[in-house]
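Note that these values count all heavy atoms, side chains included, but never hydrogens, waters or copies made by symmetry. Chain naming here is simple, since letters A, B, ... match the order of the sequence lines and numbering starts at 1 in each.
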Amino acid sequence: MKPSIPKGTRDFSPQEMVKRNYIFDTIKQVFQRYGYLPIETPAMENLSTLMGKYGEEGDKLIFKILNSGDFLSNVDTNLILNADSKLLTNKISEKALKYDLTVPFARYVVQHQHEITFPFKRYQIQPVWRADRPQKGRYREFYQCDADVIGSNSLVNEVELVQLIDDVFTKLNVPVLIKINNRKILSGIAEIIGEKDKIITITVAIDKLDKIGVDGVNKELQENGVSHSAIEKLQPLITFEGSTLEKLNFLKQLLGNSEIGLKGIEEVEYIFKTVDSLGLNTAKTELDITLARGLNYYTGAIFEVKSNAGTFTSSICGGGRYDDLTGIFGLPNMSGVGISFGADRIYDVLNELNLFPESVAASTKLLFVTFGEAEQNYCLPLLAKARTAGINSEIYPDAGAKMKKQMGYADDKKIPFVVIIGSDEMLNGLLTLKNMTTGEQAKITIDSIIEELK
RNA sequence: GUGGCCAUAGUUCAGUUGGUUAGAAUAUCGGUUUGUGGUACCGAGGGUCGUGGGUUCGAGCCCCAUUGGCCACCCCA
């Protein structure tokens, strides 16, 4: 049988893992710098925890786990014969792989509310699974790196997240554009054009503006039952172009009669003003009225980050504020805001732009090369000594192996230093240290080697 | 869930109008070289041509089905 792995999943070889860890380490370091604490949640959640939180499409993309044992034994035969997959699913599956980190986090907060000091800042780096059809930059198993603050309504949190995004991508050398919008503005727009209850339809449609154009958006709105006059009223809003300030002034005029719309404008204005006065390192920001984001639970600010270089156009980071995600689990009035970095897409961007630093490739720093068992025995204590001193080192395990083989091993693993030990070296304790980059060799003691490589 | 493209050594790909034993590069292993890697030269192993059926004297090549991969839509990190 030919070995294989499920569609959309991947193996990661050492060369890739080293690069992936560089991304995880960078993000983790910034998370910690901002005072976020780590948690982990299980790979699987109860299906009921996840269903209904991601919109209709989202529910379909959740990987369901078949119940253990004779999973059909308690199912009504009629239900099976009717072949209604949707109804049957609930009977034969009660667990699912997690779809994102935010909903499990909300569940966690409710369940552990009495142990948590609020506001609670947590970070979480774990894989999530989506039963999507894989394509470029889209995987069925991928890692999200989330930072969320829950239990605080302050917009300072939004500002801080923008700075955090800037810090991460500055460290990774990726030029990015942070798009910001607010669901309240979108609610205001829906209100003003007289289609308040069609907010989701409208936001989903105008989210596609840059892909399908104005005509495409209008067509989709019409198909979904949005009235002609409403579409008419919407036109100036989606076609307006200008600076952030101009956009805000324009919105204030148009949404003047919408309380929620004005609240959204006020929030966005604060975020932009504060971020501007503090300044960002490398990231650019933009108010994008067409940014909607499909996830159902967002209620305030929404963020989306895209690379400004290369061909990779999908978002590499996204997030927003959710006012009542914990309410579903029995803890109301607990507002949170967070962002999620897509590690796998960031990997693809760094790879395309050649932004991985050379230094991340090597892990082992020193290899002991020997000519036989006697030499190997002589080396083992020296190896231990080097390791105790904090130098990543290893010995070629097969004592009789040819030099070419051992040197080739060092070369292949990009080990920068090799220490060669034969009878001469054992006799006087002066070891041959070879610099694999320059080819230079010197005879020195183990203590000097340790001193030099520390 | 809908649509398009593709499938030949571990990997990237050749393979003529259908014609004898399916090739190259690269990677791997061995040797040139029993104390020196990256370069060079020589050699070896490695394939049910994704799978199943059909057409044909004959199929890697043509036809059908199926599976898998890539890409786009939907949606998203």
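- Going from atom CZ of A/F303 over to atom P of B/A77 covers 14 Å, rounded to whole Å.
- Within a 6.0 Å radius of NZ in A/K306, other residues, nucleotides and ligands contribute more than 12 heavy atoms.
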Parsed dot-bracket for RNA chain B after applying the Watson-Crick and G-U rules with both distances under 3.5 Å and | for other-strand partners is (((((((..((((.....[...)))).(((((.......))))).....(((((..]....))))))))))))....
Interface polar pairs with nucleotides 5-7 of chain B, N/O, under 3.5 angstrom:
none

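- Take A/Q144 and apply the side chain to side chain donor-acceptor pair (under 3.5 Å) test, not counting sequence neighbours, and it matches no residue.
- Comparing atom distances between the A/R345 side chain and each of B/A77, B/G35, B/G37 picks out B/A77 as nearest.
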Between the protein and nucleotides 68-74 of chain B, list every N/O to N/O distance that falls short of 3.5 Å.
unit_1 : atom_1 : unit_2 : atom_2 : d
B/G69  : OP2    : A/K7   : NZ     : 2.8
B/C71  : OP1    : A/K136 : N      : 3.4
B/C71  : OP2    : A/K136 : N      : 2.9
B/A72  : OP2    : A/Q135 : OE1    : 2.8
B/C74  : N4     : A/R138 : NH1    : 2.1
B/C74  : N4     : A/R138 : NH2    : 3.2

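- The salt bridge (charged side-chain N to carboxylate O under 4.0 Å, His left out) check on A/D132 picks up A/R138, with sequence neighbours excluded.
- Partners of A/R321 under the salt bridge (charged side-chain N to carboxylate O under 4.0 Å, His left out) rule, at least two apart in sequence or in another chain, are A/E158.
- Following rounding to the nearest Å, A/M403 (CE) and B/U34 (C1') show an atom-to-atom distance of 12 Å.
- Within 6.0 Å of the CE atom in A/M51, the count of heavy atoms belonging to other residues, nucleotides or ligands exceeds 12.
- Using a 4.0 Å heavy-atom cutoff across all strands shown, A/T432 reaches at least one base atom of the nucleic acid.
- Near RNA chain B, meaning a heavy atom under 4.0 Å from it, residues 443-454 of chain A has no residue at all.
- Ion pairing between a basic and an acidic side chain is recognised when a charged N comes within 4.0 Å of a carboxylate O; A/E57 and A/K60 show such pairing.
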For residues 163-171 of chain A, which side-chain N or O atoms pair as donor and acceptor with protein atoms under 3.5 Å away, sequence neighbours left out?
unit_1 : atom_1 : unit_2 : atom_2 : d
A/D166 : OD1    : A/T170 : OG1    : 3.3
A/D166 : OD1    : A/N281 : N      : 3.4
A/D166 : OD1    : A/T282 : N      : 3.0
A/D166 : OD1    : A/A283 : N      : 2.9
A/D166 : OD2    : A/N281 : N      : 2.6
A/D166 : OD2    : A/N281 : ND2    : 3.2
A/D167 : OD1    : A/N281 : ND2    : 3.1
A/D167 : OD2    : A/Y34  : OH     : 2.7
A/T170 : OG1    : A/D166 : O      : 2.6
A/T170 : OG1    : A/T282 : OG1    : 2.7

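- Screening residues 425-440 of chain A for salt bridge (Lys or Arg N to Asp or Glu O under 4.0 Å), with sequence neighbours left out, gives A/E425-A/K443.
- The ring-ring contact (aromatic ring centres under 6.0 Å, His included) test applied to A/Y108 returns A/H112, not counting sequence neighbours.
- Between the side chain of A/Q406 and the base of B/U36, no donor-acceptor pair of N or O atoms lies under 3.5 Å.
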Where do N or O atoms of nucleotides 25-28 of chain B meet protein N or O atoms at under 3.5 Å, pair by pair?
none

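- Using a 4.0 Å cut-off between charged side-chain N and carboxylate O, A/D398 and A/K405 make no salt bridge.
- Counting non-hydrogen atoms under 4.0 angstrom, A/E304 reaches nothing in the nucleic acid.
- A straight line from CD of A/E141 to P of B/A77 spans 17 Å, rounded to a whole angstrom.
- With 3.5 Å as the limit, one finds no donor-acceptor pair spanning the side chains of A/R133 and A/Q135.
- Between the side chains of A/S152 and A/N157, at least one donor N or O sits under 3.5 Å from an acceptor N or O.
- With rounding to whole Å, A/Y297 atom OH is found 16 Å from B/C75 atom P.
- A donor and an acceptor atom, one from each side chain of A/Q235 and A/N218, are located under 3.5 Å apart.
- Under the 4.0 Å criterion applied to side-chain N and carboxylate O atoms, A/K121 and A/E160 are assigned as salt-bridge partners.
- Across all strands, A/T370 comes closer than 4.0 Å to no nucleic acid atom at all (heavy-atom distances).
- Other residues, nucleotides and ligands place no more than 12 heavy atoms under 6.0 Å from the NZ atom of A/K28.
- The aromatic ring of A/Y409 does not sit over the base of B/G37, since the test of centres under 5.5 Å and planes under 30° is not met.
- Residue whose closest nucleotide on RNA chain B sits further toward the 5' end, between A/K402 and A/D424: A/K402.
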Return all side-chain donor-acceptor pairs below 3.5 angstrom for residues 374-385 of chain A, not counting sequence neighbours, or 'none' if the list is empty.
unit_1 : atom_1 : unit_2 : atom_2 : d
A/E375 : OE1    : A/G372 : N      : 3.3
A/Q376 : NE2    : A/Y396 : O      : 3.3
A/Q376 : NE2    : A/P397 : O      : 3.0
A/N377 : ND2    : A/E373 : O      : 3.4
A/K385 : NZ     : A/D447 : OD1    : 2.9

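- A/Y139 comes within contact range of at least one nucleobase, with a heavy-atom separation under 4.0 Å.
- If you check distances only, the side chain of A/K404 never reaches the base of B/U33 with a donor-acceptor pair under 3.5 Å.
- Just one of A/L353, A/I346, A/D348 meets the side-chain contact (heavy atoms from CB on, under 4.5 Å) condition when paired with A/L350; it is A/I346.
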